[in-house]
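To keep things clear, I will list the structure first and then write my remarks on it.
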Amino acid sequence: MAATRRLANTVAVITISHPPVNALSSSVRHALVKEFGEASRDPKVEAIVLNGSGRKFSAGADIREFGTSAIKTVSLEDINSTIEASQKPVVAAIEGIALGGGLELALACHYRVADIQAKVGLPEVLIGILPAAGGTQRLPRLIGVPAALDVIVRGRHIPASEALKLGIVDEVVQGNALDAAIQLARKVIGYPLNKKRLSTVRISSDSNLEDFLDTAVEKAKKQFRGAKAPLACIEAVRASVHLSYHQGLEKERQLFFSLWATGQPQAQQYAFFSEREAGKWTHSSGARWDTEEAKPIRTAAVIGLGTMGRGIVISLSKAKIPVIAIEQDAQQLEVGKKAVNSLLEREAEKLKQQGSVPSSNLGSVHFTLDFGELQDVDLVIEAVYENMELKKEIFRKLSSVCKPDAFLCTNTSGLNVDEIASVTHRPNQVIGTHFFSPANIMRLLEVVRGQQTSLTAIATAMNLGKKLGKVAVLVGNCPLFVGNRMLGPYLEQASYLLEEGYYPEEVDQAMEEFGFAMGPFRMMDLAGLDVGWRSRTEKGLTGAKVPQGTPARQRLGSRYSPLADILCESGRFGQKTGRGWYQYEKPGGRTGKPDPWVKDFLQKYRKTHQIKQQPSNPEQIVERCAFALANEGFRILEDGIASCPEDIDVIYNNGYGWPKYRGGPMYYASSVGLPKVLDTLEKYYKANPDVPSMKPAFLLKKLAALGGPPIKEWRTQVGKPVNKL
Ligand SMILES: CCCCCCC/C=C/C(=O)SCCNC(=O)CCNC(=O)[C@H](O)C(C)(C)COP(=O)(O)OP(=O)(O)OC[C@H]1O[C@@H](n2cnc3c(N)ncnc32)[C@H](O)[C@@H]1OP(=O)(O)O
């Protein structure tokens with residue numbers, strides 16, 4: 001069933017009914033035409049109300065229809081024009097969500113009533129397109145160009161109270177929006193509708209508006225780095241100022257098709273569905289996300305109040321979970337407490353601005369030094385620094401103080417979860433929950449399954465991720481898991497590029513122009529170079545443990561770049577020391593400038609080691625870094641550490657600043673063409689046999705030999721071994 005109609009006296013109520021989110025698929029559009037036509041012709045009907053079943057108005061166009069012939073049958077904008085032209089008043093009753101085409105449909109109605117919990121928005125930009133059912137033309141006519149531009153270009157979901165202030169909806173109700181809409185519909189029978197037909201409103205232009213739009217273009221170019229949809233949105237809104245409604249609509253349509261031709265929407269829509277698929281985990285035993293029950297988490301604890309711990313506490317509190325926060329000494333507890341409280345105050349302020357009561361929307365946080373207070377918590381997340389012995393000591397304690405069915409999670413970013421679990425009496429209850437910094441903002445959560453982790457623990461951790469508003473991805477346990485493991489070859493290539501003649505700012509610029517939020521050197525400076533240095537020292541790759549006579553640029557027979565080690569030996573740890581690959585205004589400064597010291601150092605280094613310089617070629621930078629990343633992704637799939645390429649892409653899109661409009665590293669490899677990726681890696685490896693990370697992965701070779709099938713077919717082509725999770 002797609003849309004139904006019933007009569008409430010003289011008001012016809014048309015209900016969109018297409019679970020789970022009332023997407024406006026072709027069948028719904030056909031049904032809307034039929035029901036609306038009949039209601040319009042029915043002499044007993046004096047007004048019409050449009051709503052959605054399941055307390056959701058609509059999530060907009062059916063994204064799966066884009067690129068298929070279904071999208072061409074009955075255009076949504078034709079339906080919108082018919083509704084707007086209706087002689088009978090039409091009221092949208094918005095419950096839950098009115099997003100994308102859903103809001104565009106509501107904007108065609110003469111009035112909009114929303115329930116207080118509802119969210120509205122035009123999030124098309126987030127899936128690479130623009131609102132192309134009249135949204136870019138009607139919204140500016142309703143709320144003005146600046147406000148409309150903000151809504152359309154950012155694609156955010158706007159709470160009903162804000163929508164009322166902006167003028168997107170006419171009324172917000174605490175109770176039943178449908179009843180309120182029916183009441184309003186009755187009241188406005190016979191009222192003139194002309195001013196309610198947004199397509200007839202004129203926008204007056206002036207030079208300020210033009211300047212505003214020009215500035216918006218410049219800002220969007222910087223902020224969205226290569227994404228085409230935000231720019232198309234601005235162009236469409238500009239058309240609403242200069243062109244008639246119908247000409248503007250034509251412009252909107254053209255822009256939609258030119259965006260489609262860039263390939264960006266396909267990548268972003270792949271990313272959208274991949275995120276949803278990540279939640280549907282499967283296990284080699286046959287257990288799945290929908291067969292395993294998660295345990296409810298009513299209370300939680302966080303051990304360690306460093307940057308990560310603080311963010312995790314805030315995340316839990318925002319999900320209304322009361323938290324006990326533990327530190328090892330009184331001074332650190334005090335510092336952590338201050339920082340957490342200040343972050344909580346910010347959250348409370350945001351809630352107040354949205355009209356919510358902070359005390360009922362934030363879980364309480366209790367600070368203590370006493371592990372004994374953890375005896376009743378349902379789940380603990382350890383977030384101390386990366387040291388196996390320290391983690392083991394904490395897990396021993398947790399194992400003895402926590403109740404037997406409590407889950408013990410480690411926020412390690414790459415240590416062995418099994419080894420940590422081995423010191424407890426309940427390894428089945430131990431699981432990795434790898435958050436990304438800042439943990440209260442970044443959406444990614446890698447859930448790391450150990451050998452003995454129970455299905456209930458997996459289901460609970462995945463469910464917790466969802467509750468925290470994160471995209472949780474289940475991965476296997478290996479050094480550095482998925483995301484950080486792939487970073488290794490990527491950073492290795494970045495470092496070799498410096499040896500071969502490039503400078504940090506050139507490599508960063510190439511990767512940022514490719515779309516990365518941050519190039520590799522800026523990223524290392526932000527994270528702190530000392531972290532990797534400590535780990536390499538522990539592994540004996542640098543420092544006193546390196547055997548005498550080892551060549552400076554070789555370890556265990558493979559090429560090695562000591563550049564980062566040398567920087568650390570000079571006290572250059574990145575932003576925190578004010579010097580790293582870049583120089584900063586002060587220790588802790590955020591704005592990095594190219595550093596003459598680094599330039600001089602690199603020149604001397606190249607001379608000392610007589611390294612042949614490469615001619616400058618930004619394309620080569622991107623190819624080497626991105627293909628190194630994807631090649632490790634193929635190995636991860638071979639090893640069964642990720643169950644599908646989509647999961648790897650979700651990790652990179654949400655945790656590592658990969659540009660979503662390129663889908664993720666595996667999607668990128670697939671869109672470039674696997675034979676080309678293979679060929680490039682083969683050539684590089686032939687010329688550089690001492691760089692084993694660039695040896696093409698077996699799985700890549702296998703898929704390339706099959707001609708590079710579409711990414712969604714990789715799972716079936718590679719057969720069983722891939723999913724060992
Ligand atoms: C000239 C060309 C003319 C074309 C004009 C077209 C103009 C209009 C364009 C649009 O409307 S594009 C779509 C805009 N809407 C969105 O981007 C909303 C996307 N959805 C969401 O943000 C969320 O799903 C939600 C609606 C907020 C619900 O979130 P929740 O966490 O509750 O559930 P999910 O797991 O995300 O979704 C449940 C289920 O529904 C599927 N789904 C959601 N939205 C759509 C959609 N618009 N089309 C198709 N399917 C959708 C989602 O994939 C889930 O299904 P499964 O993947 O689990 O099977």
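As the structure lists them, so they are numbered: ligands from 1, and atoms in each ligand from 1. For the numbers below, each heavy atom of this structure counts, side chains included, while hydrogens, waters and symmetry mates do not.
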Side-chain donor-acceptor pairs under 3.5 Å in residues 222-235, sequence neighbours left out?
unit_1	atom_1	unit_2	atom_2	d
R225	NE	G515	O	3.4
R225	NE	F516	O	3.2

message: Tell me if the CD atom of E38 is crowded by more than 12 foreign heavy atoms within 6.0 Å.
response: yes
Inventory of protein N or O atoms under 3.5 Å from ligand 1 N or O:
unit_1	atom_1	unit_2	atom_2	d
ligand 1	11 (O)	A61	N	2.8
ligand 1	11 (O)	G101	N	2.7
ligand 1	15 (N)	A59	O	2.8
ligand 1	36 (O)	R276	NE	2.7
ligand 1	36 (O)	R276	NH2	3.2
ligand 1	47 (N)	A59	O	3.3
ligand 1	47 (N)	A61	O	2.9
ligand 1	48 (N)	A61	O	3.4
ligand 1	48 (N)	I63	N	2.9
ligand 1	57 (O)	R64	NH2	3.4
ligand 1	58 (O)	K280	NZ	2.6
ligand 1	59 (O)	K280	NZ	3.3

Residue of the set V447, V475, I636, I641 for which side chain to side chain contact (heavy atoms under 4.5 Å, CB included) holds with F481: V475
- prompt: Ion pair present between R156 and D150, side-chain N to carboxylate O less than 4.0 angstrom?
  reply: yes
message: Would you say that P265 contacts I127 through its side chain, given a criterion of any heavy-atom pair below 4.5 Å between the two side chains?
response: no
task: Check Q268 against K660 and note the closest heavy-atom contact, atom names and distance.
output: CG-O, 3.7 Å
